[in-house]
Participant: 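Here you go, one structure.
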Amino acid sequence: MDKTITGSEALWLSLLEEGADTVFGYPGGQIMPVYDSLIKFQDRIRHILVRHEQGAIHAAQGYARVKGTPGVVIVTSGPGATNVITGVADAMTDSTPVVVITGQVPTSALGTDAFQEADVTGLTGLITKWNYQIKRPEDIAWAVSRAFYISRTGRPGPVVLDFTKDAQVGKVDFSYKKCNFIRSYIPDPKPSPKAVREAVELLDSAKKPFVVFGQGILISHAEKELKAFLTKGDIPAGSTMLGLSALPDDFPLYQGMIGMHGNIAPNVKTNECDLLIAVGMRFDDRVTGVISKYAPQAKVIHIDIDHAELGKIVTPDVAICGDAAKVLSSLTEKMQRGSHAEWVKSFKECRDIEEEKVIGPELRPAEGPVRMGEVVDMVATVSGKEAIVVTDVGQNQLSAARYSRFKESRSFISSGGLGTMGFGLPAAIGAKVASPDRPVCLFVGDGGIQMTIQEFGTIMQDGIGVKVVILNNNWLGNVRQWQEMFFGERYSQTRMLNPDYSLIAKAYGIKYICVESRDELEGAVKVMLGDSSPCILDVHVLENGNVMPMIPPGKGIDQIMLNSHEWFKK
Amino acid sequence: MEEVKNYTVLIYTENQIGLLAQISNVFTRRNLSIWSLSAGASSMEGIHTITITTDATERKIRDAVRQIEKRVDVIKAFFYTDDKIVYREMALYKLPTPRLLDCEDLEGLLAKYNARIVEMNRTFTVIQKSGHSDLTSALYEELQQFGILQFVRSGRIAITRAQQEPVFKFLQKREKERLNKQ
């Protein structure tokens with residue numbers, strides 16, 4: 001192509017070259033030329049108009065996490081750009097590929113404190129994988145191709161392109177070449193054969209090996225390789241919260257979620273295994289508890305594509321830098337077939353205790369108000385484990401993580417590392433747009449829903465069939481739980497007076513169902529999941545319900561509270 | 001506790017605006033003070049070097065350097081203790097000429113510190129010295145008696161004891177990989 005077009009048109013053509021089919025955005029002064037030329041491309045690219053720029057970035061994150069390709073955001077300069085910053089930081093922490101295009105004042109006005117000017121590359125430099133200010137139309141194709149390449153490869157992450165107005169309106173001869181090489185950037189490091197050999201030696205001699213895996217499995221599409229590795233080695237495995245759904249919940253060697261509110265067995269067994277194999281995870285403090293008490297007895301193999309993660313928290317005996325799928329298949333091929341029947345069986349004891357003391361009372365209480373876990377469990381049952389589960393942050397998230405069940409990979413979307421309240425509703429919108437044929441069910445608290453509640457407008461305008469389950473306890477529940485357990489029951493600023501959600505639903509023309517008692521729950525969930533339209537299910541749950549078990553802050557991962565007054569004992 | 005030592009970090013980068021701020025933040029975020037910083041061109045066209053000195057434990061500097069190398073436009077980053085590098089800093093001392101002329105053995109003093117006069121007029125004289133920072137400070141002490149008008153010292157620059165730029169082989173390898181991809 002050699003005809004002269006505007007920079008704005010070059011941007012859309014570049015996005016199309018990268019296979020983008022959807023953009024989440026919000027127009028404004030310094031991005032108007034881009035929005036003007038969108039009219040010409042509307043038949044090829046879908047623009048979803050959000051109600052606040054934070055909604056755009058979280059929606060793009062939800063989209064990216066479900067689809068595995070970068071989500072795209074377009075916003076204006078200044079406040080438009082600063083409003084996406086929380087989501088950019090979130091995407092950085094959770095390795096989510098997003099490409100954010102922000103409008104910027106003309107180059108001649110840069111640095112003059114012009115109207116709606118903000119130093120976007122400066123502000124986002126520390127929370128992006130890469131950013132770049134496009135000052136000339138001839139740099140657009142280069143910058144966009146580089147942005148997509150960087151965002152989706154290696155350890156994925158957010159990229160911000162700050163697009164000056166004169167570059168948007170300037171003319172350019174457009175030609176596009178996809179980026180596949182940057183000399184200073186090695187996205188797919190070759191695993192060291194020596195490290196692989198050493199890992200195989202450890203694997204072959206381990207008596208009680210245990211795998212903890214994270215989102216790296218999903219990112220590198222290593223689900224099959226993980227299963228083959230676990231099966232051949234006869235190795236039990238636990239998942240981080242962001243690794244959930246990489247293994248189906250009924251995979252025989254799967255032992256549940258690790259971490260602060262994870263399952264007892266995989267936490268306790270981490271401190272009993274003789275070999276800990278960590279794959280595509282970064283030893284977050286919510287996973288390890290106090291680090292000095294984390295698996296001190298075990299040899300550690302750490303597999304991660306990000307070199308900077310190896311040795312950052314836990315010093316591994318063997319570090320393998322590389323893509324999870326490739327490393328796992330190479331280990332599987334080279335290691336001996338394992339047999340650890342006794343060890344695998346030993347997980348059951350902890351599981352039984354958790355079932356009796358925690359899961360049973362949460363999922364099958366004899367009386368009293370509805371529990372959060374029950375609601376999550378009911379959605380899993382009624383949906384036949386088909387739903388993509390999206391969460392906000394807090395008790396809703398932890399309950400959803402604990403009690404959701406999964407058939408398919410990429411079915412659990414949550415803000416993990418940054419813990420961004422308000423993430424849920426827009427992320428669910430993005431997830432639904434990425435996967436219109438699957439039910440998308442959001443679990444959100446009455447606190448978090450109000451942080452991005454305006455996105456009901458987006459759902460209304462585009463008819464996005466998100467199922468919003470509000471676990472409504474009239475508290476900021478997770479903070480309330482900590483106040484109860486660790487702050488002497490002093491409930492500072494956690495009680496919430498909530499709006500009437502039925503009226504909110506009515507205002508946005510969204511179906512609303514309220515559940516106040518247990519006997520209404522199943523019917524309501526069936527109605528909610530019975531069609532493809534958006535729905536708000538307002539479940540009035542036990543007000544002072546806690547998510548248990550819990551490893552209190554400052555404790556080791558085998559020091560677990562079963563409820564606010566009882567500790568786990570073997 | 002691991003021992004805290006002085007480290008010199010050598011960073012080779014593409015010429016990308018904003019990178020220096022991102023690199024210095026890797027230090028500040030980890031509560032590492034940057035004692036000196038200097039940036040400039042390298043012997044390879046288009047490639048810049050940044051030299052930073054800081055005090056840290058080996059583990060902390062290793063982790064910081066890995067975070068720096070993770071920046072897309074950073075080509076390579078290395079860290080060294082003083083014995084592995086040849087390093088210098090430069091200092092300029094401005095003194096009142098009349099008082100300096102009273103000095104009994106100015107030539108001897110300059111020779112002792114391998115310093116030289118780069119500008120002299122009736123009012124002031126500028127002395128330049130390059131070398132290690134302790135000698136820079138020692139000369140400062142000795143010159144104080146003449147009333148130092150202005151004093152400035154540069155950041156450390158360093159060169160490794162290896163034969164070539166440490167990134168040279170890396171770039172050769174990457175160039176081969178690039179050609180293979182096309």
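Not measured: the values here are computed from a predicted model. To find a chain, count down the sequence lines: A is the first, B the second, and so on, and within it residues start at 1.
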Participant: For Glu141(B), does the CD atom have more than 12 heavy-atom neighbours from other residues, nucleotides or ligands under 6.0 Å away?
Facilitator: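 Counting neighbours around CD of Glu141(B), more than 12 heavy atoms of other residues, nucleotides or ligands fall under 6.0 Å, so yes.
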Participant: Crowded around Asp134(B) CG? As in, over 12 foreign heavy atoms under 6.0 Å?
Facilitator: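 More than 12 within 6.0 Å, yes.
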Participant: Can you check whether Asp63(B)'s main-chain N or O pairs, donor with acceptor, with Lys312(A)'s side chain at less than 3.5 Å?
Facilitator: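 Here the side-chain-to-backbone pair does not exist.
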Participant: So does Arg161(B) have more than 12 non-hydrogen atoms from other groups sitting under 6.0 Å from CZ?
Facilitator: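 Enclosed.
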Participant: Do any pairs count as a side-chain hydrogen bond (donor to acceptor under 3.5 Å, both in side chains) and have a residue in residues 151-160 of chain A, sequence neighbours left out, and if so which ones?
Facilitator: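 For residues 151-160 of chain A: Ser95(A)-Arg155(A), Thr153(A)-Tyr185(A), Arg155(A)-Asp306(A), Arg155(A)-Glu309(A).
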Participant: Counting only heavy atoms closer than 4.5 Å, note whether Gln16(B) contacts chain A via side chain, backbone, both or neither.
Facilitator: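 Side chain only.
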Participant: Could you tell me if the side chain of Ile17(B) sits less than 4.5 Å from the side chain of Lys135(A), heavy atoms only?
Facilitator: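 Sidechains of Ile17(B) and Lys135(A): in contact.
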Participant: Using 0.5 Å steps for rounding, measure from the CD1 atom of Ile127(A) to the CD atom of Gln22(B).
Facilitator: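 These two atoms lie 11.0 Å from each other.
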Participant: Check whether Ile313(A) gets within reach of chain B through its side chain, its backbone, both or neither, counting any heavy atom under 4.5 Å.
Facilitator: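 For Ile313(A), the contact with chain B is made by the backbone alone.
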Participant: Please classify the contact between Leu19(B) and chain A as side chain, backbone, both or neither, with a heavy-atom cut-off of under 4.5 Å.
Facilitator: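 Neither part.
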Participant: Are more than 12 heavy atoms from other residues, nucleotides or ligands located less than 6.0 Å from atom CG of Asp105(B)?
Facilitator: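 Enclosed.
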Participant: Using a 4.5 Å heavy-atom cutoff, which residues in residues 65-84 of chain B come close to chain A?
Facilitator: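 Residues in range: Arg66(B), Gln67(B), Lys70(B), Arg71(B), Val72(B), Asp73(B), Val74(B), Ile75(B).
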Participant: For Ile23(B), is it the side chain, the backbone, both, or neither that has a heavy atom closer than 4.5 Å to a heavy atom of chain A?
Facilitator: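 For Ile23(B), no heavy atom lies under 4.5 Å from chain A.
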Participant: Under a plain distance cut-off of 3.5 Å, with no hydrogens placed, do Thr315(A) and Arg59(B) share a side-chain donor-acceptor pair?
Facilitator: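 Looking only at side-chain atoms, Thr315(A) and Arg59(B) do form a donor-acceptor pair, the distance falling under 3.5 Å.
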Participant: Quick one: closest heavy-atom pair of Arg174(B) and Phe181(A), and the distance?
Facilitator: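 Scanning both residues completely, I find the closest heavy atoms to be O-CZ, 3.1 Å.
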Participant: With a sphere of 6.0 Å drawn around CD of Glu58(B), does it hold more than 12 non-hydrogen atoms of other residues, nucleotides or ligands?
Facilitator: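 No, the 6.0 Å shell around CD holds no more than 12 heavy atoms from other groups.
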Participant: If you count heavy atoms of other groups shown closer than 6.0 angstrom to NZ of Lys60(B), is the number above 12?
Facilitator: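 Counting neighbours around NZ of Lys60(B), more than 12 heavy atoms of other residues, nucleotides or ligands fall under 6.0 Å, so yes.
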Participant: Report, as yes or no, whether the 6.0 Å neighbourhood of atom CH2 on Trp142(A) holds more than 12 heavy atoms from other residues, nucleotides or ligands.
Facilitator: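 Atom CH2 in Trp142(A) is packed in, count exceeds 12.
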Participant: Is Arg183(A) salt-bridged to Glu14(B), cutoff N-O under 4.0 Å?
Facilitator: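 Looking at Arg183(A) and Glu14(B), the cut-off is met.
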Participant: Around atom CG of Leu100(B), are there more than 12 heavy atoms of other residues, nucleotides or ligands at under 6.0 Å?
Facilitator: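 More than 12 within 6.0 Å, yes.
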Participant: Check whether Phe170(B) gets within reach of chain A through its side chain, its backbone, both or neither, counting any heavy atom under 4.5 Å.
Facilitator: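 Contact with chain A: side chain only.
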